[in-house]
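First comes the structure, then the notes that go with it.
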Protein chains: 2
Amino acid sequence: MQAELLIHADWVLPVDNADRTLTRHSLVVDQGRIVALLPRAEAETQIEASLVHDLPGQVLIPGLINAHTHAAMSLLRGIADDLPLMTWLHEHIWPAEARWVDPDFVADGTRLAVLEMLCGGVTCFNDMYFYPEVTARVCAEAGMRVLAGMIVVDFPTRYADSVDSYLERGLALYESYRGHALVRTAFAPHSIYAASREPLERVRILADELEVPVHMHLHETREEIVASLREHGERPLARLDQIGLVGPQLVAIHMTQLEEAEIERLALTGSHVVHCPESNLKLASGFCPVARLLAAGVNVALGTDGAASNNDLNLLAEMRTAALLAKGVAGSAAAVPAPQALRMATINGARALGIDDEVGSLEPGKAADIVAVDLCSPHTQPIYQVCSQLVYAASSNRITQVWIGGRQVLRDGQPLTLDPAAILGDARAWQRRISAR
Amino acid sequence: MQAELLIHADWVLPVDNADRTLTRHSLVVDQGRIVALLPRAEAETQIEASLVHDLPGQVLIPGLINAHTHAAMSLLRGIADDLPLMTWLHEHIWPAEARWVDPDFVADGTRLAVLEMLCGGVTCFNDMYFYPEVTARVCAEAGMRVLAGMIVVDFPTRYADSVDSYLERGLALYESYRGHALVRTAFAPHSIYAASREPLERVRILADELEVPVHMHLHETREEIVASLREHGERPLARLDQIGLVGPQLVAIHMTQLEEAEIERLALTGSHVVHCPESNLKLASGFCPVARLLAAGVNVALGTDGAASNNDLNLLAEMRTAALLAKGVAGSAAAVPAPQALRMATINGARALGIDDEVGSLEPGKAADIVAVDLCSPHTQPIYQVCSQLVYAASSNRITQVWIGGRQVLRDGQPLTLDPAAILGDARAWQRRISAR
């Protein structure tokens with residue numbers, strides 16, 4: 001059999017239904033898709049490939065999926081830390097965004113974020129920010145898979161001045177990328193406190209029609225719950241349920257404040273949760289009951305949130321934080337074992353974003369979003385269980401090769417589709433400009 | 001002025017009393033000590049050095065101090081994960097240790113751990129394991145600073161068969177390294193449940209006489225508290241207090257189970273706590289009330305614990321986990337700000353180990369334990385606040401240079417005093433041997 005690309009590795013974690021660890025296996029890629037996953041010995045005799053990678057001491061995993069971020073905020077990384085949440089938001093983040101966010105900011109910030117994420121093995125991210133058409137363009141150029149959020153908020157910004165305008169711009173984005181191999185869209189009404197009933201109802205109708213996800217911050221803090229009870233007499237999830245937005249299209253971010261009945265409701269309706277442990281900790285938002293959600297059958301994916309509340313976009317490290325924190329929160333060292341943590345970082349994200357037929361696991365027929373991780377460093381030796389080593393000891397700097405849709409975007413740790421020097425130069429220029437005020 | 005070594009960097013975080021960030025400063029090193037810290041412009045005119053390092057885009061910090069680990073357990077990294085604590089201990093860890101731990105195991109395991117730690121900017125660690133004379137030798141050869149624990153437990157092991165024997169071997173170790181520049185000792189009675197009253201009283205007398213710390217696991221889990229109440233009618237800390245071991249020599253590890261009165265007692269007595277967040281989470285031991293301890297004036301340092309419950313020895317990442325977790329646990333985004341987290345990883349560890357006159361900060365007169373971190377990667381740009389960037393975004397792989405006592409042990413990310421290929425080869429041999437059983 002002929003193929004474009006053949007990758008041999010000591011191990012493959014395909015993230016299939018059986019959470020298998022395959023030893024000395026190979027991936028066959030052709031026309032952007034995985035066509036076979038088979039023992040190396042067979043691949044060597046059966047496959048004739050134009051390009052062959054031999055990766056001893058490395059493990060192949062599905063491209064990691066960062067199911068919630070605000071990519072362009074990488075330009076605000078560390079601008080304000082260690083402050084009470086409201087001070088941070090009202091006195092630092094929102095003023096900075098109001099002052100600086102324009103298409104250039106989003107282009108440069110997204111490019112920096114994509115560079116960091118590609119180097120860290122993230123092959124797909126779910127973004128919520130202004131100027132998503134800029135985000136989409138940057139990703140298309142870099143060969144990065146993205147769901148660019150069609151953001152909707154109640155208040156005017158430089159990007160759009162009315163709900164009509166937000167939706168119009170979003171739909172134009174949807175149209176211009178329909179059928180695109182890498183760029184998709186999702187509706188992104190910010191939250192129940194930043195998007196009122198009317199825009200939410202319009203989003204529900206449009207999301208059903210276009211069959212795209214609805215990406216929202218939800219039950220992030222106790223204050224959000226209290227405010228919702230005060231204003232609407234209901235908790236935010238109940239309000240959303242009433243509006244008809246709770247269901248398989250809902251991608252609910254954070255969900256640190258949950259009652260048992262709400263967990264059951266999420267499970268029953270097939271809603272998705274994106275867990276952002278480092279953001280939740282850093283902003284003292286609360287603790288998402290991840291083990292209980294998973295036990296109830298809720299699909300839980302992983303996200304880094306923005307770089308101003310993390311402060312990096314390292315999904316491998318986020319996966320580890322999630323696996324550790326879930327044990328502490330559940331009071332059980334058996335909660336969220338390594339294979340489950342890896343699922344959260346891959347296939348669960350794909351399911352949440354409605355693209356699990358395309359990505360999220362290394363299986364024939366899916367897009368060739370593949371990451372290679374070198375396990376031959378002091379901190380990842382000796383190896384008893386590969387999946388455990390990946391989750392509890394590996395570092396993102398040992399990510400050596402990344403392919404998205406069969407196109408190599410990282411080789412030997414170096415990005416192929418982005419110019420780091422230019423991107424870092426732009427980032428420093430922004431820092432000087434922003435700090436000067 | 002003449003000096004052996006002059007290091008220029010864009011930033012220096014000396015961890016002095018004012019938590020200063022110094023820009024374009026230089027460190028002057030001579031005869032293993034820091035002799036000056038001054039603006040680069042002055043250093044260039046005033047200092048004549050045999051060796052000059054120019055580190056643009058990098059920050060100099062004090063060598064990190066891992067205040068609690070079981071270094072040789074690196075050979076058991078990932079041997080058993082995601083299991084309930086008692087199953088993990090009784091069915092996996094203790095049998096493996098009983099079967100395999102001998103001087104060769106400790107030599108090879110400690111060497112692997114020291115290699116990982118040096119690469120990760122740890123310049124001093126506080127160890128508790130069997131065959132501490134082997135640990136000490138490995139560290140002396142590698143140029144690594146260590147407190148090798150004089151371990152004491154009630155039960156016989158291959159290492160020693162009685163309390164007399166444990167203490168005798170420990171004291172012989174103390175004697176043979178008295179006055180050594182890098183190797184010191186501490187008493188290390190494992191815990192209140194593994195060391196009974198008689199050995200603890202003997203340790204108290206000896207520790208007072210020799211003026212060395214007493215390093216113990218304490219209040220690690222709720223089960224430990226319950227068992228102590230059942231057996232002795234007191235909580236472990238109260239029992240220790242009664243024995244006379246609560247005071248400035250006590251280095252209490254974990255401390256996840258604390259009442260308000262106990263926090264006050266720790267503060268009053270000048271006892272030290274070593275916080276091991278990743279281990280506590282991974283084993284679901286509980287949550288140490290770090291912010292409350294610090295607010296009460298207790299000295300809180302940081303440790304990774306062993307590689308079988310972490311699963312790495314990355315103190316930079318541990319520092320970040322501590323800063324994030326403390327905020328979540330305290331319910332305040334202002335808890336444990338970045339400078340305080342850095343203090344936990346440096347000077348607080350030095351204070352806990354009784355060596356803060358020697359190390360823990362970059363100040364004239366102290367030993368030249370210095371680490372350089374490169375901040376010019378996508379994930380650490382742009383930079384608004386250097387200390388924040390170090391704590392919330394930096395990765396240990398960007399640690400470029402490490403000096404211990406003025407001797408360079410890591411250059412451009414490569415270890416100078418250890419042979420990685422040999423060490424990894426030995427680790428793999430152990431993995432095959434251990435897995436074959």
Side-chain angles (χ1 to χ4, degrees), chain A residues 75 77-85 88 112 115-116 119-120 278 280-284 286-287 307 310-314 317 321 324-325 327-328 330-338 376 378-385 388-389 392-393 395-398 420 423-424 427-428 430-431 435, chain B residues 75 77-85 88 112 115-116 119-120 278 280-284 286-287 307 310-314 317 321 324-325 327-328 330-335 337-338 376 378-385 388-389 392-393 395-398 420 423-424 427-428 430-431 434-435:
Chain A
L75 290 179
R77 188 197 317 273
I79 199 174
D81 294 301
D82 306 321
L83 297 167
L85 178 58
W88 180 75
L112 176 64
L115 173 61
E116 179 186 351
C119 291
E278 293 177 9
N280 293 160
L281 289 176
K282 192 163 192 288
L283 299 177
F287 298 85
N310 190 298
N311 281 2
D312 63 28
L313 307 178
N314 184 340
T321 300
L324 295 181
L325 186 62
K327 292 167 174 60
S332 164
V336 186
C376 287
H379 60 279
T380 44
Q381 290 283 333
I383 302 173
Y384 294 96
Q385 302 182 75
S388 153
Q389 209 79 325
Y392 297 121
S395 310
S396 65
N397 69 293
R398 302 309 295 144
I423 289 170
L424 293 181
R428 275 189 281 270
W430 277 103
Q431 179 270 318
S435 294
Chain B
L75 290 179
R77 189 197 318 273
I79 199 175
D81 295 301
D82 306 321
L83 297 167
L85 177 58
W88 180 75
L112 175 64
L115 174 61
E116 178 185 352
C119 290
E278 292 176 11
N280 294 158
L281 288 176
K282 192 164 192 288
L283 298 176
F287 296 87
N310 191 297
N311 283 1
D312 63 28
L313 307 178
N314 184 341
T321 299
L324 295 182
L325 186 61
K327 291 167 173 62
S332 164
C376 286
H379 60 278
T380 44
Q381 290 283 334
I383 302 173
Y384 293 97
Q385 302 183 74
S388 153
Q389 209 79 326
Y392 296 122
S395 311
S396 65
N397 70 294
R398 302 310 295 144
I423 289 171
L424 293 181
R428 275 189 283 269
W430 276 105
Q431 179 271 318
I434 293 172
S435 293

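Here is how names work: the chains are called A, B, and so on, in the same order as the sequence lines, proteins then strands, and each is numbered from 1.
Neither the backbone nor the side chain of B:Asn280 comes within less than 4.5 Å of any heavy atom in chain A. At a 4.5 Å heavy-atom cutoff, the contact between A:Ala80 and chain B is made by backbone atoms alone. For B:Pro420, no part sits under 4.5 Å from any heavy atom of chain A, backbone or side chain. A:Leu325 touches chain B through backbone and side chain together, each having a heavy atom under 4.5 Å away. Only the side chain of B:Gln389 comes within contact range of chain A, judged by heavy atoms closer than 4.5 Å. Looking at B:Ser332, the atoms closer than 4.5 Å to chain A (heavy atoms on both sides) all sit in the backbone: N, CA, C or O. In this structure, no portion of B:Ala330 lies under 4.5 Å from any heavy atom of chain A. For chain B, no part of A:Thr321 is nearby; none of its heavy atoms comes within less than 4.5 Å. Interface remark: A:Asn314 contributes no atoms to any contact with chain B (heavy atom separation under 4.5 Å). Of the atoms belonging to B:Ile79, heavy atoms from both backbone and side chain fall under 4.5 Å from chain A.
Using a 4.5 Å heavy-atom cutoff, the side chains of A:Arg77 and B:Thr380 are not in contact. With contacts defined as side-chain heavy-atom distances shorter than 4.5 Å, the pair B:Pro382/A:Leu112 qualifies. When side chains are defined from C-beta on, A:Ile423 does not count as touching B:Pro378, because their heavy atoms never get closer than 4.5 Å.
Each of A:Trp430, A:Tyr392, A:Trp88 has some count of heavy-atom pairs under 4.5 Å with chain B, and the biggest count is that of A:Tyr392. Chosen from A:Leu83, A:Val336, A:Leu313, the residue pairing most often with chain B at heavy-atom distances under 4.5 Å is A:Leu83. Considering only heavy-atom pairs separated by less than 4.5 Å from chain B, the leading option among A:Arg428, A:Lys282, A:Arg398 is A:Lys282.
Residues A:Ser388 and B:Asp81 have side chains that bring a donor and an acceptor to within less than 3.5 angstrom of each other.
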### Task
Would you sort out whether A:Leu281 and B:Lys327 count as a side chain to side chain contact (heavy atoms under 4.5 Å, CB included), showing the intermediate values?
CA-CA 6 Å; A:Leu281 289 176; B:Lys327 291 167 173 62; 5.7 Å; no
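Minimum interatomic distance between A:Ala333 and B:Ala284 (heavy atoms only, all atoms of both residues): N-CB, 3.6 Å. Listed here is the closest heavy atom pair of B:Tyr384 and A:Leu75: OH-O, 2.7 Å.
Put simply, NE2 on B:His379 and SG on A:Cys119 are 9.5 Å apart, with the number rounded to the nearest 0.5 Å.
B:Gln385 places a side-chain N or O within 3.5 Å of a backbone atom of A:Gly78 that can act as its donor or acceptor partner.
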